[in-house]
2 protein chains.
Amino acid sequence: MQKRLHDIIEHVSGASNIGEIGATILGLTDVLDVEHIAYHSVNGGGEYASSTYKDDWIDCYLGNGYSRIDPVVQAGFTQFGPVNWNELDWSGKSARAFMGEAQSAGVGNQGLSIPIRGPRGQFALFTVSQRDSIEGWKSYTDNFALDLVMLAHVINQKALELDTVQGRGEIPRLSPREADALTLLAGGMNRAQSADYLRISEHTLRVYIESARFKLKANNTTHAVARAICLGMIAV
Amino acid sequence: MQKRLHDIIEHVSGASNIGEIGATILGLTDVLDVEHIAYHSVNGGGEYASSTYKDDWIDCYLGNGYSRIDPVVQAGFTQFGPVNWNELDWSGKSARAFMGEAQSAGVGNQGLSIPIRGPRGQFALFTVSQRDSIEGWKSYTDNFALDLVMLAHVINQKALELDTVQGRGEIPRLSPREADALTLLAGGMNRAQSADYLRISEHTLRVYIESARFKLKANNTTHAVARAICLGMIAV
DNA sequence: TACGTTCTCCCCATTTTGGGGGAGTTGCGC
DNA sequence: GCGCAACTCCCCCAAAATGGGGAGAACGTA
């Protein structure tokens, strides 16, 4: 697989639009020797998905907001490394029902989902799934987990690149003081405490908060802090 | 390098404490054929660093808060892929002064920094640097960028694993309504609007906000929203 | 040097949050 | 069936944040 993986990476890196990437992803089932592949990215309001699942299932999943109960998504959200489906807790009632529906829709019983995070709160899951035994799947994941991680990384890099090139630029830049102010507020201080901490008057602090709010097109402080965090402008 | 890379990955994966990883990282200069290596992770208050730089330089860097003006850090924060130092904008006065100091401290003039993001707002930079010509460095990065990405990924995964095993677990779980409330507030709505949107009374909404605040040990709404975002509990 | 951005200071009326306390229904797991 | 957690509703008042407007000094860049 090493050789073919390299070809795929070359191919993805050379893509010039998001559609090419999608097509490449869908064509990977042969190369990766799995039944299903899915790549799903959430990027501050924007969303992109491409998978070999049936449309029925996708509609059902989105329509019912299944990402809320999908243990795979939950796990991917909170862990760094790949999520092996059979290592998750499927004991909950809703989780079990969800898995049942997924099986009926043709989703494999075994799967590996790789969480990937980008700047500005971007989050993506690259998933391969298949009908397989626990042992068979274990040997597959043991062998290819690292390759899949790399592939997911490359795909996500290209997808982000094309996304930012095409779209919604205008990233505001906060001044140091503005960032300070939002950072302290995000840390739970109120205005008086923050001003005290920065050794400036509370009024001055307000000016920073207001200008930051303006730059971030935020309605209030909470909104500004949320956006600043998502845009990677302040470290909390 | 492929073979050796594999050995390193094995070695890192088998580490049982953070010190072993640090030692492994420092020992990588030979294998990766570079002068300096640094791994620096920020994880919600916690911080871990390990590098081959001189202590003087590290103290100077931290003491002066250089991460604020360091173009490498800035770039790493906002982009997904590796940051090649010589592709950055060094024209600013402070950036130029910073680079001058770094050079004097023995940091290489060429470098590649790989940003990595984990759950709960974790952010790390894995950097290799060296004194080299632009061409020489280009051929190095062209050849090994992907390997370095993978290595950074593996190191970070193990570091996070050991960190979470040893430390500060107790991850609160928000109820769906609590997450809804914080999500809307993070989106810029006030309590009245959010309650309206969720078709519940404003008072009910307050109950959710307060219980979320309690679970998150947050001082106020802004703090709760910031923490929820960093902990990956709400998607903004 | 001139321009722009950043940093710093201040009042007052209005809106939004926070604190405290109480209570009934529903749904899931054991 | 019991218990627990989540969901829903309500009042009053104190504290905090927001909006609107004005202005001078310091810094770095062009």
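Heavy atoms only: backbone and side chains are in, while hydrogens, waters and symmetry mates are out. In what follows, chains carry the letters A, B, and so on, assigned in the order in which the sequence lines appear, proteins first and then strands, with residues in each chain numbered from 1. Every value quoted in this text rests on a predicted model; they were computed, and no experiment measured them.
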Please determine whether a side-chain nitrogen or oxygen atom of [X] lies at a distance below 4.0 Å from atom OP1 or OP2 of [N].
X	N	value
B:Ser175	D:dA5	no
A:Ser201	C:dC9	yes
B:Arg96	D:dT29	no
B:Thr221	C:dG18	yes
A:Lys215	C:dT6	yes

Any idea which of [options] is nearest the [X] side chain?
X	options	result
A:Thr204	C:dT8, C:dG18, C:dT6	C:dT8
A:Tyr208	D:dT18, C:dT8, D:dT8	C:dT8
B:Arg191	C:dT17, C:dG19, C:dT6	C:dT17
A:Asn190	C:dC9, D:dC7, D:dA16	D:dA16
A:His203	D:dA16, C:dG18, C:dC10	C:dC10
B:Arg206	D:dC12, D:dC9, D:dG20	D:dC12

Distance in angstrom units between [X] [atom1] and [N] [atom2], rounded:
X	N	atom1	atom2	result
B:Glu202	C:dT17	CD	P	8 Å
A:Leu185	D:dT18	CG	P	8 Å
B:Glu210	C:dT17	CD	C1'	9 Å
B:Leu205	C:dT16	CG	P	14 Å
B:Ile209	C:dG19	CD1	P	12 Å
A:Asn220	C:dT15	CG	P	16 Å
A:Asp180	C:dC7	CG	P	8 Å
A:Gln193	D:dA16	CD	C1'	12 Å

Q: Classify the nucleic acid contact of B:Asn219 as base, sugar-phosphate or nothing, counting any heavy atom under 4.0 Å across all strands shown.
A: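 Result for B:Asn219 = nothing.
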Q: State whether B:Arg206 and B:Glu210 are salt-bridged, where the test is any N-O pair (Lys NZ or Arg NE/NH1/NH2 against Asp/Glu carboxylate O) under 4.0 Å.
A: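 Salt bridge: yes.
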Got a donor-acceptor contact below 3.5 angstrom from the [X] side chain to the [Y] backbone?
X	Y	value
B:Glu161	B:Lys158	no
B:His36	B:Ser129	no
B:Arg117	B:Phe123	no

- Message: Please tell me whether A:His40 and A:Tyr48 form a close aromatic pair, meaning their ring centres lie under 6.0 Å apart.
- Response: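 Distance test on ring centres: not under 6.0 Å, no.
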Nearest-nucleotide 5' precedence on DNA chain C, B:Arg213 against B:Val207: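 Closer to the 5' end of DNA chain C: B:Arg213.
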Checklist entry - Does B:Arg173 or A:Ala192 map to a spot on DNA chain D nearer the 5' end, using the closest nucleotide for each? => result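 The residue closer to the strand's 5' end, by nearest nucleotide, is B:Arg173.
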Query raised in the report: B:Lys54 and B:Ala105: which non-hydrogen atoms are nearest, and at how many Å?
Result: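 It is CE-O, 3.5 Å.
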